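Each ligand, and each atom within it, is numbered from 1 in the order the structure gives. Treat the numbers as computed from the prediction; the structure is a model and nothing was measured. Each residue takes its place number in the sequence, starting with 1.
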Amino acid sequence: MNNKIINFIRNEFDTKEFIPLHVPTFRGNEKKYLNSCIDSTYVSSVGSFVDDFELFMSKITKTTKTTAVVNGTSGLQVGLRLVGVKKGDEVITQGLTFVATANAIAYNNASPIFLDVDLDTMGLSPKAVNDFLEEFGELKEDGCYNKKSGKKISACMPMHTFGFPVHLSELITICEKWRIPIVEDAAESLGSEYKGKPTGSFGEVGVFSFNGNKIVTCGGGGAIVTNNIRLGEKAKFLTTTAKQPHSYEYVHNELGYNFRMPNINAALACAQLEQLDSFLENKRKLANKYMNFFKSEGIKFRTENKNSKANYWLMCVELNDKDERNLFLEKTNGANVMTRPIWQLMHRLPMYKDCQRDEQKNALFLEERIVNIPSSVR
Ligand SMILES: *Cc1c(COP(=O)(O)O)cnc(C)c1O
């Protein structure tokens with residue numbers, strides 16, 4: 001590895017200072033909306049920015065109902081409950097993901113089943129799901145059961161790694177056959193599309209994150225989107241303490257959560273969403289530059305598949321092996337250019353070491369080779 005890479009990145013970001021992986025950009029109405037939110041005194045869990053944000057998200061994701069929540073993780077937790085995940089159930093997900101995906105399953109007192117990813121998408125492999133269900137699946141009257149554990153498999157949660165959409169058509173066909181509802185962890189893929197449709201709109205439920213490092217941020221926040229109006233209303237109900245509508249009395253007949261996104265965060269989110277198209281354009285330009293540069297260096301820069309559009313949230317390269325990856329990480333970080341390896345596989349974490357999993361051949365391959373590179377909007 002030579003200094004050309006560091007020089008290229010420094011030149012692109014036009015700074016001699018530390019270059020982080022991803023920082024937010026505030027060039028729109030952020031201050032204006034925050035001021036008006038404060039002036040209105042509606043800074044907490046109700047307010048017009050929350051309503052605006054929910055409508056805006058439904059428009060962007062082409063879904064009928066959005067519920068704003070405190071963060072993506074809580075959105076995933078509720079999303080699973082919405083499709084019927086209960087204590088003692090199992091949920092299929094990918095072994096190569098950010099820990100929040102698995103945690104959301106565990107918060108429902110259910111167990112994750114970790115399956116392999118595809119090499120091209122780095123997300124849940126329909127073939128791996130099919131192979132697993134052919135071996136262990138058993139259809140009963142009320143859904144799919146795992147022959148090995150005897151437990152119900154009550155959801156499947158694919159995650160669109162770094163904004164690259166998984167092979168949704170194939171996955172949906174398999175999940176329909178086995179009557180397993182899909183909850184999309186679209187936390188990283190706001191603005192990504194599969195066959196012309198927004199990610200997050202394919203599953204029964206989709207969930208986005210607006211954490212500080214995501215493509216659009218509101219400090220902290222999440223959104224649950226769906227085209228199922230009954231589930232959409234239930235999402236709002238459960239995340240607002242399951243309070244029955246009444247003009248003055250407190251009536252709660254179910255265990256709900258206080259997962260509401262404060263209006264002040266929603267104000268920031270609205271201003272950021274207005275800039276989503278320009279963020280996407282800006283990132284695509286950087287991705288093209290990276291692609292051409294790394295091609296000339298003989299390094300594989302990861303790009304989107306034919307039938308999909310990535311948001312290029314976190315861009316990444318694939319090194320030839322672990323040694324090459326380590327050298328890349330050392331050199332770049334040593335030069336104050338932040339790079340970071342992809343996550344450790346979930347079964348390596350102590351709380352998930354005993355979960356059922358397949359061989360995860362592709363996940364193991366990617367775990368040793370994928371490195372994220374600076375990807376902020378400039
Ligand atoms: C960011 C992220 C989340 C969680 O979002 P928070 O808003 O930080 O709770 C969940 N899943 C994935 C894959 C993420 O990248």
Sorted by chain and number, sequence neighbours left out, ring-ring contact (aromatic ring centres under 6.0 Å, His included) with Y42 holds for none

What are the polar N/O contacts of ligand 1 with the protein below 3.5 Å, with distances?
residue, atom, partner, partner atom, Å
ligand 1, 5 (O), S209, OG, 3.1
ligand 1, 7 (O), G72, N, 2.7
ligand 1, 7 (O), S209, OG, 2.7
ligand 1, 9 (O), G72, N, 3.3
ligand 1, 9 (O), T73, N, 2.9
ligand 1, 9 (O), T73, OG1, 2.5
ligand 1, 11 (N), D185, OD1, 3.4
ligand 1, 11 (N), D185, OD2, 2.9
ligand 1, 15 (O), E188, OE2, 2.5
ligand 1, 15 (O), K214, NZ, 3.2

Please check this pair: side chain of Q94 against backbone of L124, looking for a donor-acceptor N/O pair closer than 3.5 Å.
yes

Name the orientation class of the two ring planes belonging to F49 and Y33 (parallel below 30°, tilted from 30 to 60°, perpendicular beyond 60°).
tilted

Residue pairs meeting ring-ring contact (aromatic ring centres under 6.0 Å, His included), one or both in residues 189-219, sequence neighbours left out, come to F53-F210, Y194-F202

For the residue pair F132 and F136, does the interplanar ring angle fall in the parallel (under 30°), tilted (30 to 60°) or perpendicular (over 60°) class?
tilted

Please, which pairs that meet ring-ring contact (aromatic ring centres under 6.0 Å, His included) have at least one residue in residues 350-378, sequence neighbours excluded?
F114-Y352

